[in-house]
Asker: 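There's a structure below that I have some questions on.
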Amino acid sequence: MNLEQVTMKLEQYGQEHLLRYMDELPARERESLCSQIMENDFSVLGHIHESAPSQGREVISPIRAMTLEEIAENRRTYLEKGAEAIRAGRVGAVLLAGGMGTRLGSDNPKGMYDIGLTKPVFIFQRIIENLFQVVDETKSWIHLFIMTSDKNHQATTGFFQEKNYFGYDRNHIHFFKQDMAPAADYQGKIYLEGKAKLASSPNGNGGWLTSLKNAGLLDLIHREGIEWLNVFAVDNVLQRIADPCFIGATIDQGCDVGAKVVRKNHPDEKVGVMCLKDGHPSIIEYYELTEQLRDTLDEKGEPAYNFGVILNYLFHVESVESIMEKSLPLHVVEKKIPYLDESGILQKPEEPNGYKFETLILDVIQLLDKCLPFEVEREKEFAPIKNKTGVDSVESARELLKKNGISL
Ligand code: UTP
């Protein structure tokens, strides 16, 4: 490693403090620190003082969602179409499990969290059980791609192995790692998490396709003839994965992407809602939704921006590959970042102390032409676990699971 190059990069971005412990490190750790400095993309730091991406510049208009009534009318057709695609091996699933789950506050990957009461029920287990519903119905294995990050890859793969993949066919499970981005304090100085370790954080769920490609898995997707990928979050323990009806409807409507949506609980619910931005399907975040938009009604007298996304999308592989090179906006997010203090002691802050940098999957939607917002029943398909207690928590998810007859 050329120390001169490392120093030049640090000077360019004002990050010379990262070599603070260099003199006391053994050669191998010096080498590792220098590699991290050279490999990490420091240009993200320049986004700290920018305003939120794309705020308020576009023309927002409502998008039509396929409602529960409309779905019920065509249920049989959609089910057949979707099941046929699954049986033909044209559908795969992507589990986004690279996040840090800081709000839940467990040291393990979120999927290893046990939500059981009388027996162990791990989040990963719930997901595999949900996928099994369709596998059993269609008598076809579905390839499951699991995105992890540097922070949780080993723990995740080890856990699946230990649990024998919860009975799922090992040959249909593929792990891949997403990239990391540095994490910095409010002044844009990258934290050290160890004397030879930069603080870093997974770079958001927006880069899932690039990471699949970098892991060589897009080749497998092509080879296997997979045309649709159902991408979903780790934390919704009630969701239906590779849902044939959703798949059939998205194919039937000739869309590039389908998005499962639920009706908002109340007008101020903190959830991103589907809309059109400059005529493109898109998601408007709750904090971008003005009062005027919130109160706009459609021709039936119902709120026009009322369908919240639940991070369960069905992407047409060819369509999403065609926009892969387009860059996504970078979101600068306040976070609790473990760091070495002045005395070289590791601190785990209780409150946010800096920023991480992420691209988001919801920004991918806007790059595509045709999206189907597909309504699902909240009580039956939406039990996200973000927190330990309160809203979207282990407690609220348990209640919903029980209501759906799932024993815990
Ligand atoms: P969240 O937005 O809930 O983030 O992720 P998180 O990191 O899991 O949790 P907090 O905010 O720290 O509490 C939504 C989904 O996207 C995945 C998560 O694993 C979850 O399934 N995700 C998030 C990634 O795969 N990679 C990321 O970099 C971020």
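Count residues from 1 along the sequence. As the structure lists them, so they are numbered: ligands from 1, and atoms in each ligand from 1.
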Asker: Using a plain distance cutoff, I'd like to know if V234 has any nitrogen or oxygen under 3.5 Å from a nitrogen or oxygen of ligand 1.
Answerer: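 Looking only at distances, the answer is yes, because the N/O contact criterion of under 3.5 Å is met.
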Asker: Number the atoms of ligand 1 from 1 as they appear, then name those within less than 4.0 Å of a heavy atom of K386, with their elements.
Answerer: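 Those of ligand 1 that fall under 4.0 Å from K386 are 1 (P), 3 (O), 14 (C).
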Asker: Is the closest N or O pair between G204 and ligand 1 shorter than 3.5 Å?
Answerer: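 Yes, at least one N or O pair falls under 3.5 Å.
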Asker: Identify the closest protein heavy atom to atom 25 (O) of ligand 1: which residue and atom is it, and at what distance?
Answerer: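 Protein heavy atom at minimum distance: G98 N, 2.9 Å.
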Asker: Side chain to side chain donor-acceptor pair (under 3.5 Å) with K81: which of N74, D252, T250?
Answerer: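 That would be D252.
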Asker: Atoms of ligand 1 less than 4.0 Å from M147 heavy atoms?
Answerer: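 Near M147, meaning under 4.0 Å from one of its heavy atoms, ligand 1 has 25 (O).
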Asker: Which protein non-hydrogen atom lies closest to atom 2 (O) of ligand 1, naming both residue and atom, and how far is it?
Answerer: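 Among all protein heavy atoms, the one nearest atom 2 (O) of ligand 1 is R103 NH2, 3.9 Å.
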Asker: For atom 26 (N) of ligand 1, what's the nearest protein heavy atom and its distance?
Answerer: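 Minimum-distance protein heavy atom for atom 26 (N) of ligand 1 reads Q178 OE1, 2.7 Å.
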Asker: N/O to N/O below 3.5 Å, does that happen between L96 and ligand 1?
Answerer: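 The answer is yes, given that L96 and ligand 1 share an N or O pair closer than 3.5 Å.
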Asker: Inspect the contact between K402 and E399 and indicate whether a charged nitrogen and a carboxylate oxygen are less than 4.0 angstrom apart.
Answerer: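 The answer is yes: the pair qualifies as a salt bridge.
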Asker: Count the heavy atoms of every other residue, nucleotide or ligand shown that sit under 6.0 Å from CD of E162, and state whether that count exceeds 12.
Answerer: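 Result for CD/E162: enclosed.
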Asker: Of the choices K110, M100, K335, which has the non-hydrogen atom that lies closest to atom 10 (P) of ligand 1?
Answerer: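 Nearest option to atom 10 (P) of ligand 1, by heavy atoms: K335.
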Asker: Under a 4.0 angstrom heavy-atom cut-off, which atoms of ligand 1 come close to A233?
Answerer: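 Near A233, meaning under 4.0 Å from one of its heavy atoms, ligand 1 has 15 (C), 21 (O).
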Asker: Looking only at the side chains, is there a donor atom on one of S319 and D256 sitting less than 3.5 Å from an acceptor on the other?
Answerer: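 A pair is found: one side chain offers a donor N or O, the other an acceptor, under 3.5 Å apart.
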Asker: Among W228, W208, F232, find the residue that satisfies the ring-ring contact (aromatic ring centres under 6.0 Å, His included) test when tested with F315.
Answerer: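 Between F315 and the candidates, ring-ring contact (aromatic ring centres under 6.0 Å, His included) is satisfied uniquely by W208.
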Asker: Considering non-hydrogen atoms of the protein only, which is the closest contact for atom 6 (P) of ligand 1, and what is the distance?
Answerer: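 Of every protein heavy atom, G101 N, 3.6 Å lies nearest to atom 6 (P) of ligand 1.
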Asker: Of the protein's non-hydrogen atoms, which lies at the shortest distance from atom 16 (O) of ligand 1, and what is that distance?
Answerer: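 Of the protein heavy atoms, N205 ND2, 3.1 Å lies nearest.
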Asker: Could you pull out all donor-acceptor pairs under 3.5 Å where a side-chain atom in residues 191-201 meets a protein atom, sequence neighbours excluded?
Answerer:
from : atom 1 : to   : atom 2 : distance (Å)
Y191 : OH     : N353 : O      : 2.7
Y191 : OH     : N353 : ND2    : 3.4
E193 : OE1    : K151 : NZ     : 2.9
E193 : OE2    : K151 : NZ     : 3.4
K195 : NZ     : E24  : OE1    : 3.1

Asker: Does any N/O atom on T102 come nearer than 3.5 Å to any N/O atom on ligand 1?
Answerer: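 By distance alone, the answer is yes.
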Asker: Has E302 got more than 12 heavy atoms of other residues, nucleotides or ligands less than 6.0 Å from its CD?
Answerer: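 Above 12, so yes.
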Asker: Could you tell me the separation between the CZ atom of F160 and the CZ atom of F122, rounded to the nearest 0.5 Å?
Answerer: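 Answer for the CZ-CZ pair, F160 versus F122, is 11.5 Å.
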Asker: Specify side chain, backbone, both or neither for L311, according to which of its non-hydrogen atoms lie closer than 4.0 Å to ligand 1.
Answerer: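 Side chain only.
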Asker: Under a 3.5 Å cutoff, is there a donor and acceptor pairing between the side chains of E227 and H316?
Answerer: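 No, H316 and E227 have no side-chain donor paired with an acceptor closer than 3.5 Å.
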Asker: State which residues pass side chain to side chain contact (heavy atoms under 4.5 Å, CB included) with D341; sequence neighbours excluded, sorted by chain then number.
Answerer: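 In terms of side chain to side chain contact (heavy atoms under 4.5 Å, CB included), with neighbours along the sequence ignored, D341 is linked to Y339, S343, I345, Q347.
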Asker: Evaluating non-hydrogen atoms only, which member of G99, G111, G206 is closest to atom 29 (C) of ligand 1?
Answerer: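 It is G99 that holds the nearest heavy atom.
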